S.K.: 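Got a structure here, written out as structure tokens. Questions coming.
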Amino acid sequence: MRTIRARRVLVLANPAAGPRKGRDEGGAVARAVSRAGVRCELERTRAPGDASRAAASAPAAGFDLVLAVGGDGTVHEAAQGIAGSGVALGVAPAGTMNLLARVLGIPLDAPRAAELLVLAGRRLAFRPGRAGERLFVLMAGIGFDAWVLREVLRRARGRPSMRHYAWGALRGLRTYRFPEIRFDAGDGRRLRATSAVVGRAPLYGGWLRPTPRASLERDELEICVFRGRSGPDYLRMAPSLWSGSHVDRADAEARIVTAVRGESHDPDVPVQLDGELAGTLPMEFGVSGRILVLAT
Amino acid sequence: MRLLLRNGRVLDPASGVDDTLDVLIEDGRIARLEAKIPARGAEVADLAGLVVCPGFLDMHVHLREPGQEWKETIATGTRAAAAGGFTGVACMPNTVPVNDSRSVTESILRTAARDAVVAVYPVGCVSKGQAGEELAEMADMFEAGARAFSDDGQPVASGLLLRKALEYSRLFDVPILDHCEDSGLVAGGVVHEGDVSTRMGLRGWPGVAEDVVVQRDVLLAEYTAGRLHVAHLSTGRSADIVRRAKKAGIRVTCEATPHHLALTDEAVSGFDTNAKMNPPLRPESDRRALLKALQDGTVDAIATDHAPHHADEKNVEFSRAPFGIVGLETAVSVCLDRLVHGGTIGLPRLVELFTSGPARILGLAKGTLAPGADADVTVLDPNRRVTVDPARFRSKSANTPFAGWSLRGAPVMTLVAGRIVHDGR
């Protein structure tokens with residue numbers, strides 16, 4: 001892997017991200033980058049779409065590294081703008097889960113991570129997942145988890161916390177209707193499900209492992225479908241997601257795919273990408289041709 | 001030719017010397033070792049403040065020649081060794097062709113006589129073609145100069161073959177160096193099986209894949225009374241097995257690498273292929289167990305497993321990158337900094353692990369500064385600050401996870417048979 005040797009860094013901070021909102025993580029990261037002797041500019045996002053737009057303009061503005069200060073949602077947005085440009089995207093973790101930082105082994109301390117990436121970062125080129133026209137870095141969730149996310153966002157004032165998600169999931173187990181979804185991987189075998197996760201990385205929601213064989217290294221996705229028909233069915237399956245043993249259960253199945261199309265008779269099966277809502281089925285999932293260079 | 005090494009702290013664990021002494025070298029041998037030796041026409045090197053040790057030996061090196069000269073050659077590998085403080089290296093047989101016959105052993109020694117700046121001790125294959133099926137012509141290779149036998153790069157998978165090798169090698173009392181790995185249990189793993197492999201989505205390689213083979217080998221060593229040497233120990237349980245075997249009087253020795261002593265599997269974070277090696281880096285609990293094994297004498301030698309690979313070979317996806325890192329030019333500094341200054345072991349024990357330890361295993365009359373011995377000498381500056389800069393390596397390859405590390409302690413001068421082959425004072 002080649003080193004980055006950043007000379008000009010755009011620090012893209014999402015002040016609304018993470019459990020420590022209110023702390024000026026963006027400012028702390030910018031100071032850490034300056035201390036490392038590298039020029040940087042700090043831009044704070046104000047609304048959804050800002051991070052994507054700022055990241056998209058970074059290559060033309062002469063930046064050779066964009067540091068997303070925030071969580072996986074911030075990385076998701078920045079990735080939309082920067083993929084295909086060759087400019088590296090680094091994460092200075094300041095979100096709730098920070099899954100990408102965990103996968104990459106980046107310290108969960110934003111200024112320290114920034115300093116490491118600027119001084120000794122390497123370029124990891126990979127092909128992100130694609131869902132319709134959008135890219136995803138970690139995972140796509142279809143059905144239950146996206147529905148929970150949508151409900152939580154609808155009810156919470158401001159950015160929801162882990163507690164909100166936990167309550168939302170419990171509420172969903174009682175009220176979600178679990179409509180049937182069909183997946184077609186184009187190889188003649190169809191998968192029936194009530195929810196699914198399409199993984200580009202092995203971790204999900206902390207330490208859950210619905211797609212343990214997914215890796216940033218492989219130009220493939222792992223799809224894991226769940227066939228439970230009720231809240232209790234899902235509740236019984238949930239513990240096995242920690243160990244990855246759910247794939248041995250009759251009501252779950254995981255497969256490596258290069259592309260898969262999901263559809264449902266129900267017109268309202270929501271989809272989330274990296275924890276961001278992204279519309280409803282039908283949708284095609286695959287591996288993007290746009291290379292995303294991650295700083296690691 | 002006479003050379004007088006003056007005012008250094010002479011540290012020779014094999015003969016129990018640790019004192020400020022002068023060392024007089026005459027005709028490539030240690031002539032005298034006394035408090036004040038008059039120069040009387042000898043060339044003088046003032047080594048005040050430095051430590052004068054027997055020449056360091058690295059018993060596990062891949063010189064890649066013949067056949068893979070884009071990675072390393074005997075010329076570049078031995079220059080890297082000299083710069084790293086080593087006066088002799090044992091080179092593993094997984095070259096192209098593999099060193100499984102007298103002609104290849106002789107060819108390596110001929111090239112070494114022409115190109116090498118330090119001593120080269122060939123290790124011959126256990127099996128023909130390193131295929132793990134039929135015993136290689138070990139006696140032939142021994143006569144030609146092979147000092148040990150191994151199928152390194154891969155294990156001796158067949159218990160029957162290992163039994164035969166251990167029995168046959170008793171005829172000339174050389175060790176069988178086994179790379180202990182149960183390939184079935186490894187199952188395509190590329191990093192240690194644990195938290196790191198889980199979160200990175202990389203196939204895991206459990207420590208037990210080493211342990212079961214170490215245990216089998218020890219049982220066979222006991223059964224055959226052959227000499228077994230366990231290469232690059234990486235797990236605490238393997239260290240326990242060796243410890244118990246030694247207590248039981250079984251003829252087993254083992255080595256540990258600087259990287260398994262200094263790094264954990266966290267080093268592969270970010271998919272750094274320069275931290276991909278075989279056996280893989282293990283978690284902190286195993287690293288600590290290896291440190292304990294260094295302290296209590298279970299480990300007999302530190303060896304680098306110097307495994308050069310071209311940057312283009314390493315600059316690929318983690319799963320596809322070859323295993324191995326270079327180590328000759330970082331080993332001594334890493335060990336001085338992490339093990340001696342880190343408080344794990346004292347300097348005499350470290351010197352023993354690099355000198356008399358490997359010399360004993362390989363049956364070499366080396367690893368001592370006693371008068372009459374070959375004047376192979378390594379001079380250390382235990383307090384010199386160095387920063388690892390792969391661009392300055394003498395090795396053809398730069399695949400190291402230690403790039404940029406600031407370390408305290410370095411080899412500063414290397415003499416082989418009384419001749420200075422590296423002088424970085």
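The model shown is predicted, which means the values in this text are computed figures rather than measured ones.
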S.K.: Output every pair passing side chain to side chain donor-acceptor pair (under 3.5 Å) with a member in residues 395-406 of chain B, not counting sequence neighbours, ordered by first then second residue.
M.R.: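 Qualifying pairs: B/Glu72-B/Ser395.
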
S.K.: Keeping the roles fixed (side chain from B/Glu317, backbone from A/Arg218), state whether a donor-acceptor pair exists under 3.5 Å.
M.R.: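 Judged by distance alone, no pair lies under 3.5 Å.
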
S.K.: Considering residues, nucleotides and ligands other than A/Arg8, do more than 12 of their heavy atoms fall under 6.0 Å from its CZ?
M.R.: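 It does: A/Arg8 CZ has more than 12 such atoms within range.
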
S.K.: So which of B/Asp195, B/Val196, B/Thr198 has the biggest tally of heavy-atom pairs under 4.5 Å with chain A?
M.R.: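 If we count pairs closer than 4.5 Å to chain A, B/Thr198 comes out on top.
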
S.K.: Compare all side-chain heavy atoms of A/Trp207 with those of B/Arg199 and state whether any distance is below 4.5 angstrom.
M.R.: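 They are in side-chain contact.
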
S.K.: Should we count CZ of B/Arg237 as having more than 12 external heavy atoms under 6.0 Å?
M.R.: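 No, CZ of B/Arg237 has 12 or fewer neighbouring heavy atoms, counting only those of other groups under 6.0 Å.
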
S.K.: Working to the nearest 0.5 Å, report the span between CG of B/Leu202 and CZ of A/Arg213.
M.R.: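 If I round to the nearest 0.5 Å, the distance is 14.5 Å.
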
S.K.: With a 4.5 Å cut-off on heavy-atom pairs, point out which of B/Ser319, B/Gly201, B/Gly404, B/Ala321 contacts chain A the most.
M.R.: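 Looking at each option in turn, the highest pair count goes to B/Gly201.
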
S.K.: CZ of A/Arg290: more than 12 outside heavy atoms within 6.0 angstrom?
M.R.: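 Correct, the count exceeds 12.
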
S.K.: Check the surroundings of atom CZ in A/Arg5: do more than 12 heavy atoms from other residues, nucleotides or ligands lie under 6.0 Å from it?
M.R.: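 No, because the 6.0 Å sphere around CZ of A/Arg5 holds 12 heavy atoms or fewer from other groups.
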
S.K.: With rounding to the nearest 0.5 angstrom, report the CZ to OG1 distance, B/Phe271 to A/Thr296.
M.R.: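 It comes to 7.5 Å.
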
S.K.: B/Lys276: which residues meet the salt bridge (Lys or Arg N to Asp or Glu O under 4.0 Å) condition with it, sequence neighbours left out?
M.R.: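 For B/Lys276 there are no salt bridge (Lys or Arg N to Asp or Glu O under 4.0 Å) partners, ignoring immediate neighbours.
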
S.K.: Nearest 0.5 Å, please: how far is CZ in B/Phe318 from CG in A/Leu124?
M.R.: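 It comes to 11.5 Å.
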
S.K.: If I compare all heavy atoms of A/Arg122 with all of B/Gly270, which pair ends up nearest, and what's the gap?
M.R.: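 Heavy atoms of A/Arg122 and B/Gly270 come nearest at NH2-O, 3.7 Å.
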
S.K.: Please state whether the side chain, the backbone, both or neither of A/Ala201 comes within less than 4.5 Å of a heavy atom of chain B.
M.R.: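 Answer is neither: A/Ala201 stays 4.5 Å or more from chain B.
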
S.K.: Hey, is CH2 on A/Trp242 packed in by over 12 heavy atoms from elsewhere, all under 6.0 Å?
M.R.: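 12 or below, so no.
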
